[in-house]
Every structure is written in structure tokens, then in C-alpha cells.
Amino acid sequence: MIATQKNIKKLIEALEEFKKIDPAMSLPSILTFLYYHDVYNRSGNRSIVEERLNMSGATTSRATLYWSEFKTPRVKGVDMLELIQDPENRRANIVTYNKKGMELLDRLNRALN
């Protein structure tokens with residue numbers, strides 16, 4: 001039981017890192033950020049994230065753009081992911097973490113250890 005309490009506290013600490021970015025952040029937004037780590041630097045990784053979220057392409061796209069430099073052309077995002085056009089498939093993007101995104105991953109890792 002004590003180990004379980006310790007793990008829950010670690011999870012809370014990690015989730016509080018997301019709360020610092022945006023207190024109203026949705027679970028799909030959090031999962032989107034984390035899923036990209038699981039499929040890092042793979043062609044078509046946005047499609048993989050869409051499948052894992054079990055949500056529409058539009059929802060996945062909005063959740064991804066939330067983490068990019070701009071959510072829409074005039075609305076800033078949190079600037080932690082970069083979308084790079086896949087040279088093999090011009091309709092696809094490869095999503096990668098930028099420096100700020102890697103720093104958040106480091107904070108999450110510290111919170112969970």
C-alpha cells in the first residue's frame with residue numbers, strides 16, 4: 001500500500017508539470033505529447049498518435065498543434081513540438097520535440113523517479 005501511495009504521489013507531481021503549462025489542459029492533449037515520445041521521429045507518427053488516441057484526425061491535429069509554435073495562424077501554442085514535412089511523403093509530417101519539449105520530458109522523468 002505504501003508503494004502505491006508513493007507512485008500516486010509521483011504521478012501527481014508529473015501531472016502538475018502539465019498544470020503549470022495550462023491548468024485547463026485536457027487529457028487528450030497530455031496523451032498527445034506523451035505518445036509522440038513513444039513514436040519519436042517516425043514517419044507518419046501523427047497517424048500513429050491518432051490511432052492510439054482513438055480520435056478523429058482533426059482532433060489529433062488540434063491536440064498536436066496545441067504543442068507546436070502556433071495552434072492557429074494567429075494563436076500561439078506552447079511551442080514544444082516541431083512539425084517537419086516528411087521528405088518521403090509530402091502529405092505527412094514528422095513530429096519531433098524541440099528544446100522546450102525535451103525540458104518538459106526531463107521534468108516529467110525527474111518527477112517519476
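- Here the CG atom belonging to L31 is positioned 4.0 Å from the CG atom belonging to L27, to the nearest 0.5 angstrom.
- Between atom OH of residue Y35 and atom CG of residue L53 there is a gap of 5.5 Å, rounded to the nearest 0.5 Å.
- Note: the hydrophobic cluster containing I84 does not contain Y66 (ILVMFWY, side chain heavy atoms under 4.5 Å, direct or indirect links).
- Under a cut-off of 6.0 angstrom, the local environment of CG in N54 is sparse, with at most 12 non-hydrogen atoms contributed by other residues, nucleotides or ligands.
- With sequence neighbours excluded, the residues forming a side-chain hydrogen bond (donor to acceptor under 3.5 Å, both in side chains) with T59 are S56, R62, listed by chain and number.
- Distance alone, capped at 3.5 Å, is enough to place a donor-acceptor pair between the Y97 side chain and the H37 backbone.
- Atom NZ of K9 is separated from atom OG1 of T4 by 12.5 Å, given to the nearest 0.5 angstrom.
- Taking CG from N93 and OG from S61, the interatomic distance works out to 8.5 Å, rounded to the nearest 0.5 Å.
- With contacts defined as side-chain heavy-atom distances shorter than 4.5 Å, the pair D22/V78 does not qualify.
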Apply side chain to side chain contact (heavy atoms under 4.5 Å, CB included) to the pair L104 and W67, showing each step before the final yes or no.
CA-CA 12 Å; L104 175 57; W67 293 100; 4.0 Å; yes

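- L81 and F70 sit in two unconnected hydrophobic clusters of ILVMFWY residues. Membership requires side-chain heavy atoms under 4.5 Å apart, directly or through other members.
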Take T32 and V49, measure what side chain to side chain contact (heavy atoms under 4.5 Å, CB included) needs, and give me the verdict at the end.
CA-CA 7 Å; T32 297; V49 169; 4.3 Å; yes

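- Considering CG of N98 and CD of E82, their distance stands at 5.0 Å, rounded to 0.5 Å.
- Scanning both residues, M55 and P28, for their nearest heavy atoms gives CE-CG, 3.5 Å.
- For the atom pair CD of E51 and CG of N45, the computed distance is 12.5 Å after rounding to the nearest 0.5 Å.
- In this structure, K71 and K76 approach most closely via the heavy-atom pair CE-O, 3.6 Å.
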Let me have the donor-acceptor pairs involving side chains of residues 11-21, under 3.5 Å, with sequence neighbours excluded, atom names and distances please.
{"from": "E17", "atom 1": "OE1", "to": "R107", "atom 2": "NE", "distance (Å)": "2.7"}
{"from": "E17", "atom 1": "OE2", "to": "K20", "atom 2": "NZ", "distance (Å)": "3.0"}

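- One hydrophobic cluster, built from ILVMFWY side chains closer than 4.5 Å, holds both L34 and M102.
- Annotation: side-chain hydrogen bond (donor to acceptor under 3.5 Å, both in side chains) contacts of S68 (sequence neighbours excluded): none.
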